[in-house]
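Note sheet for the following structure.
The sequence lines fix the lettering, A, B, ..., with proteins before strands; numbering per chain opens at 1. Model, not experiment: these values are computed from the prediction. Quick note: numbers below take in every heavy atom, side chains included, and nothing from hydrogens, waters or symmetry partners.
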Amino acid sequence: MTAPPTVTASGLALHHRGVRAVDGVSLELGRGVTGLLGPNGAGKTTLLRILATATPPDSGALSVLGHDPGTVRGRREARRALGYLPQDPGFHAGFTAFEFVDYVAVLKELTDRRTRHAEVRRVLDAVGLAEVRGRRIRRLSGGMRQRVALAAALLGDPAFLVLDEPTVGLDPEQRIRFRELVAEAGEGRTVLLSTHQTEDVAMLCGRVLVMDRGRVRFDGTPAELTAAARGRVWSSAARSPGVLAGFRTGSGEFRNIGDPPAGAALLEPTLEDGYLLALDGAGAVTA
Amino acid sequence: MSADRQDRWHLPADDLEEYARGALEAPRLWSADAHLAACPACRDRLNGLVDPAVADLGWARLDAELDAPRPGPLERVLVRAGVADHTARLLAATPLLRRSWLGAVAVVLLCAVAAGRAVRGTGEPLLLLGVAPLLPLAGVAFSFGPRLDPMYETAVVAPLHSFRLLMVRTAAVLAVTVPLSGLAALALPSFGPDAFGWLLPALALTAAGLALTPRLGPVAASALVGGGWVALLVAERLLSDARPLPLTAAGQLTAAALAAAAGALLFALRDRFDSGRVHDSVRPLTAGRLT
């Protein structure tokens with residue numbers, strides 16, 4: 001018997017200044033890490049904010065762990081089971097890492113001081129910030145700040161974790177460290193991770209959604225997204241006209257993505273190729 | 001040497017028993033934590049009071065307590081004044097309670113008093129009457145909202161009802177600005193009942209600004225209400241030499257009625273603050289974030 005989905009959404013839509021930021025999204029999310037890929041303006045953040053109960057949709061139905069965020073009580077219950085790392089987590093720069101996480105813990109209704117402090121210490125340990133918990137946030141690096149924000153999202157061991165582009169602005173080493181943390185966080189809970197990085201998805205996610213212009217254009221596994229580009233990536237000695245994307249590689253050959261000419265030397269596709277094709281052919285690529 | 005010092009004082013038996021039960025409250029709790037960390041004798045006494053498993057849990061908690069940074073001066077004052085420590089933490093994150101804001105409020109009031117002393121004309125504290133109601137209005141606007149609270153996004157998705165957070169912060173802002181304005185009133189040369197004529201308008205403007213916030217956002221709502229107040233005072237001065245309307249009995253009653261009506265409207269709209277529907281006209285919620 002499979003567990004019931006953590007999140008069920010149907011027909012979610014939100015307009016913003018006449019633009020359909022989210023345009024009829026229906027999905028179910030279960031345990032594990034799901035990646036959400038899409039270009040700027042695709043509606044990823046808006047969708048995440050709706051699922052994280054930060055903003056209500058104009059229309060559509062949403063259930064988070066069986067609760068309806070459209071009601072006061074349902075919203076409170078859903079939020080008790082939710083951890084959210086916003087795209088641009090704000091900090092009171094004068095707070096220390098401990099004080100910041102402690103403040104979020106109060107917002108998460110951990111009122112007993114001792115229990116709260118033990119929980120704050122637990123999450124700061126979990127993200128590897130035990131040594132700097134007394135340091136002011138303004139003195140922490142960007143990577144450390146992201147980890148502080150992740151620690152705050154992990155308070156109370158939430159069943160549903162929403163992470164909005166957590167690896168933006170991190171150097172490669174920090175990104176790898178952050179991926180480890182997200183992979184750990186994904187064990188036993190539902191994680192929705194928005195990202196620009198196809199590598200994040202390839203390494204972390206059992207499922208990937210591709211979003212463009214407010215709609216989900218692809219829903220499947222990373223392997224399926226990659227496989228969808230099979231037969232549509234080829235190499236050539238000269239630039240091919242009319243391709244979706246083409247660039248000269250280090251070997252001097254052109255790598256082309258699109259509809260290959262007859263007899264083209266086909267290449268093994270990557271997840272990025274599948275992603276580009278999913279964006280190009282709205283509806284043409286399905287799992 | 002430190003051992004000698006510890007010999008002189010130990011935790012009272014009552015405190016130790018409450019500590020063992022987990023019932024000791026701050027600030028005595030902080031004192032007990034600090035003492036237990038340094039005093040083996042009291043640790044042994046504590047071990048005698050609880051079973052070993054509970055004691056181990058207690059030491060783990062004590063470790064966490066010792067790692068926790070000491071609260072700032074504001075939080076310590078609030079806790080000593082009887083505010084629950086978690087509420088004190090919420091208040092510590094109120095932008096208006098930061099030093100720069102307090103300084104700005106104090107400067108504005110000093111200017112109002114200085115101007116009142118320089119212009120010894122009608123004897124009516126017009127400048128203070130005009131300025132004092134704007135301070136809590138601006139303070140509350142700068143304490144809440146997607147644009148001005150750096151942690152708005154985190155706060156709005158937390159289970160703590162956002163209206164409660166807003167009220168905690170509003171109370172904090174009023175608790176700072178009203179006494180400061182009161183001190184300014186005392187310093188006026190024309191001290192008398194009129195020197196406190198700003199109080200009811202201050203409550204009315206603050207409540208009205210908050211009641212309009214879900215629709216207009218905190219900045220536009222405060223600008224509208226504050227602009228209306230200034231326009232009313234200026235127009236009234238231009239048209240009449242009589243006693244300023246807000247200082248008359250009718251004016252004060254109107255302010256009280258407006259405060260009550262806006263308060264009732266605000267309460268009716270409380271869930272709008274929690275649902276993420278607060279609009280910010282200066283930087284809408286999702287502007288620049290539609291990624």
Below 4.5 Å, heavy-atom pairs only: which of A/R80, A/R122, A/R75, A/E119 has the largest tally toward chain B?
A/R75
Honestly, the part of A/Y103 sitting under 4.5 Å from a heavy atom of chain B is both
In terms of heavy-atom pairs under 4.5 Å with chain B, which of A/R116, A/R76, A/E77 leads?
A/R116
Less than 4.0 Å between a side-chain N and a carboxylate O, is that true for A/R79 and B/D274?
yes
Any idea which heavy atoms bring A/V64 and A/A78 closest together, and the distance?
CB-CB, 3.9 Å
Top residue by heavy-atom pair count (under 4.5 Å) with chain A, among B/D85, B/L165, B/L160?
B/D85
Between A/R73 and A/D68, is the closest basic N to carboxylate O distance under 4.0 Å?
no
Using only heavy-atom distances, determine whether the side chains of B/D33 and B/Y19 contain a donor-acceptor pair under 3.5 Å.
yes
Counting heavy-atom pairs under 4.5 Å to chain B, which of A/L82, A/V22, A/L107, A/D102 comes out on top?
A/L107
Which class fits the ring pair B/H35 and B/H10: parallel under 30°, tilted 30 to 60°, perpendicular over 60°?
perpendicular
